Amino acid sequence: MYNAPPDKAWLQLALPPVEALEWMANLRRCAMAGVVVHDEDSTGRVTASRIEYSLGDHDRSVLFDALGTAARVYFAAGASAVVTGIHGPGTIAAGQYLDHALKDETSPWQMGLYAAHPMGTCRMDRSSTDSVVDADGRVWGWDNRHAADTRVFPTSLGVNPQVTTYAVGLTVGAAVADRAG
Ligand SMILES: Cc1cc2nc3c(=O)[nH]c(=O)nc-3n(C[C@H](O)[C@H](O)[C@H](O)COP(=O)(O)OP(=O)(O)OC[C@H]3O[C@@H](n4cnc5c(N)ncnc54)[C@H](O)[C@@H]3O)c2cc1C
C-alpha cells in the first residue's frame with residue numbers, strides 16, 4: 001500500500017471510466033483491491049452470438065458484503081475515499097455510512113463486474129455421460145485429441161487457477177507422452 005499521509009490518501013477499489021482522469025492524476029496515492037465472488041445462484045450461458053449472465057440475489061449480497069469489507073479495510077488503513085466500481089455511490093468519503101452507499105438493490109447494470117476465471121467448458125470426469133474428457137484429458141471417443149487447460153475443470157474454481165492450470169498441463173502432457181511410448 002502506498003505510504004501517503006492519511007488525509008491525502010486516495011485508495012480505490014475500482015476505477016469507473018468517467019472518473020478515470022481524476023483518479024489517474026492521483027495514481028501515486030492509490031491502491032487497488034479486487035473482490036472475487038464464486039457463482040452460487042447466478043446463471044449464464046454463452047452461445048455463438050450472445051453472452052448472458054444473470055446475477056443471483058445471494059451472489060449480489062456476497063459481493064456487497066465483500067465490497068463493504070474491502071472499503072472498511074482501506075478506511076482503517078487511513079484512506080480518505082474509496083471508489084467501489086458501482087455507479088451510483090461513486091466516491092465514498094471516509095466516515096460516510098457504507099451500508100447506505102452500497103445498497104443491496106443496486107441494479108447489475110450499475111456494477112463494473114467482470115469474469116477473470118471462466119472455466120469448465122469441457123469438463124473432466126470418469127464417465128462420458130457427464131463430461132467431455134477422461135482423466136488423461138483425452139476427448140471421449142477420440143484417440144488423439146486432448147484438452148490440457150482450465151476448460152477441463154469441473155466448474156470455475158472461485159480462486160486463482162495458475163498452479164492448478166500448470167498441474168493439469170503437466171498431468172495431461174505426461175499421459176500423452178506415455179501413450180506415445
Ligand atoms: C484480468 C485477469 C487476471 C487474472 N489474474 C490471475 C492471477 O493473478 N492468478 C491466477 O492464477 N490466474 C489469474 N487469471 C486467470 C488465468 O489467467 C486463467 O484462468 C488461465 O490463464 C487460463 O488458462 P488456460 O490455459 O485455460 O487459458 P489461456 O491462458 O487463455 O490460454 C488459452 C490459449 O489458447 C490459445 N488458443 C485459444 N484458442 C485456440 C485455438 N483454436 N488454437 C490454438 N490456440 C488457441 C489462446 O490464444 C491462449 O493463448 C486472471 C485472468 C484475467 C483475465
Side-chain angles (χ1 to χ4, degrees), residues 1-2 10-21 23-24 26-28 30-56 59-60 62-71 73-74 77 82-87 106 108-128 130-180:
M1 190 174 296
Y2 185 75
W10 286 72
L11 303 180
Q12 65 177 88
L13 299 179
L15 195 59
V18 284
E19 299 180 23
L21 282 178
W23 283 91
M24 289 302 283
N26 284 291
L27 197 59
R28 69 190 181 87
C30 292
M32 188 162 168
V35 297
V36 179
V37 176
H38 185 229
D39 295 335
E40 295 291 339
D41 64 344
S42 300
T43 54
R45 72 188 181 130
V46 177
T47 62
S49 60
R50 202 177 163 92
I51 297 174
E52 295 172 16
Y53 183 74
S54 176
L55 183 64
D59 293 344
R60 178 203 311 256
V62 171
L63 175 67
F64 277 78
D65 274 357
L67 282 174
T69 301
V73 167
Y74 275 142
V82 298
V83 164
T84 60
I86 294 178
H87 305 284
T106 303
W109 295 105
Q110 292 174 263
M111 302 176 190
L113 303 177
Y114 69 95
H117 300 155
M119 299 156 186
T121 51
C122 300
R123 61 185 297 174
M124 177 186 282
D125 206 339
R126 290 196 189 91
S127 146
S128 59
D130 303 320
S131 64
V132 177
V133 301
D134 66 17
D136 289 336
R138 192 164 33 149
V139 179
W140 293 107
W142 293 75
D143 274 340
N144 60 353
R145 184 163 292 191
H146 293 76
D149 54 22
T150 56
R151 81 187 79 172
V152 308
F153 293 0
T155 184
S156 289
L157 300 184
V159 294
N160 282 328
Q162 188 180 39
V163 175
T164 318
T165 311
Y166 290 165
V168 166
L170 288 170
T171 305
V172 173
V176 172
D178 273 356
R179 284 177 61 81

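Keep in mind the model is a prediction, meaning the values are calculated, not measured. Remember, it's 1-based here, ligands and their atoms both numbered in the order they're listed.
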Distance below 4.0 Å between [atom] and any protein heavy atom?
atom	value
atom 14 (N) of ligand 1	yes
atom 9 (N) of ligand 1	yes
atom 48 (C) of ligand 1	no
atom 52 (C) of ligand 1	yes
atom 35 (C) of ligand 1	no

Separation between CZ of Arg126 and CG of Asp134, rounded to the nearest 0.5 Å: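 That separation rounds to 12.0 Å.
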Gap between atom CD of Glu52 and atom OG1 of Thr43 - 0.5 Å precision: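 One finds 8.5 Å between OG1 of Thr43 and CD of Glu52.
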N/O separation below 3.5 Å, Arg151 to ligand 1: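 No, since none of the N or O atoms of Arg151 sits under 3.5 Å from an N or O of ligand 1.
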For Gln162, the ligand 1 atoms whose distance to one of its heavy atoms is below 4.0 Å: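 Counting atoms of ligand 1 from 1, those under 4.0 Å from Gln162 are 10 (C), 11 (O).
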Proximity winner for atom 50 (C) of ligand 1, if only heavy atoms of Ser156, Ala115, Gly169, Ala116 are counted: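 When every heavy atom of Ser156, Ala115, Gly169, Ala116 is considered, Ala116 comes closest to atom 50 (C) of ligand 1.
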Val168 vs Thr150 side-chain heavy atoms within contact, under 4.5 Å: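 No, their side chains stay 4.5 Å or more apart.
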Which residue and heavy atom of the protein sit nearest atom 25 (O) of ligand 1, plus the separation: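 Result: Asp149 CB, 3.2 Å.
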Least distance between heavy atoms, Ser42 atom then Asp59 atom: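 Smallest heavy-atom distance, with atoms named: OG-OD2, 2.5 Å.
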Ala147 to Val133 - nearest heavy-atom pair and separation: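 Distance-wise, the nearest heavy atoms are CB-CG1, 4.2 Å.
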Pair His117-Asn160, side-chain donor/acceptor within less than 3.5 Å: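 Short answer, yes.
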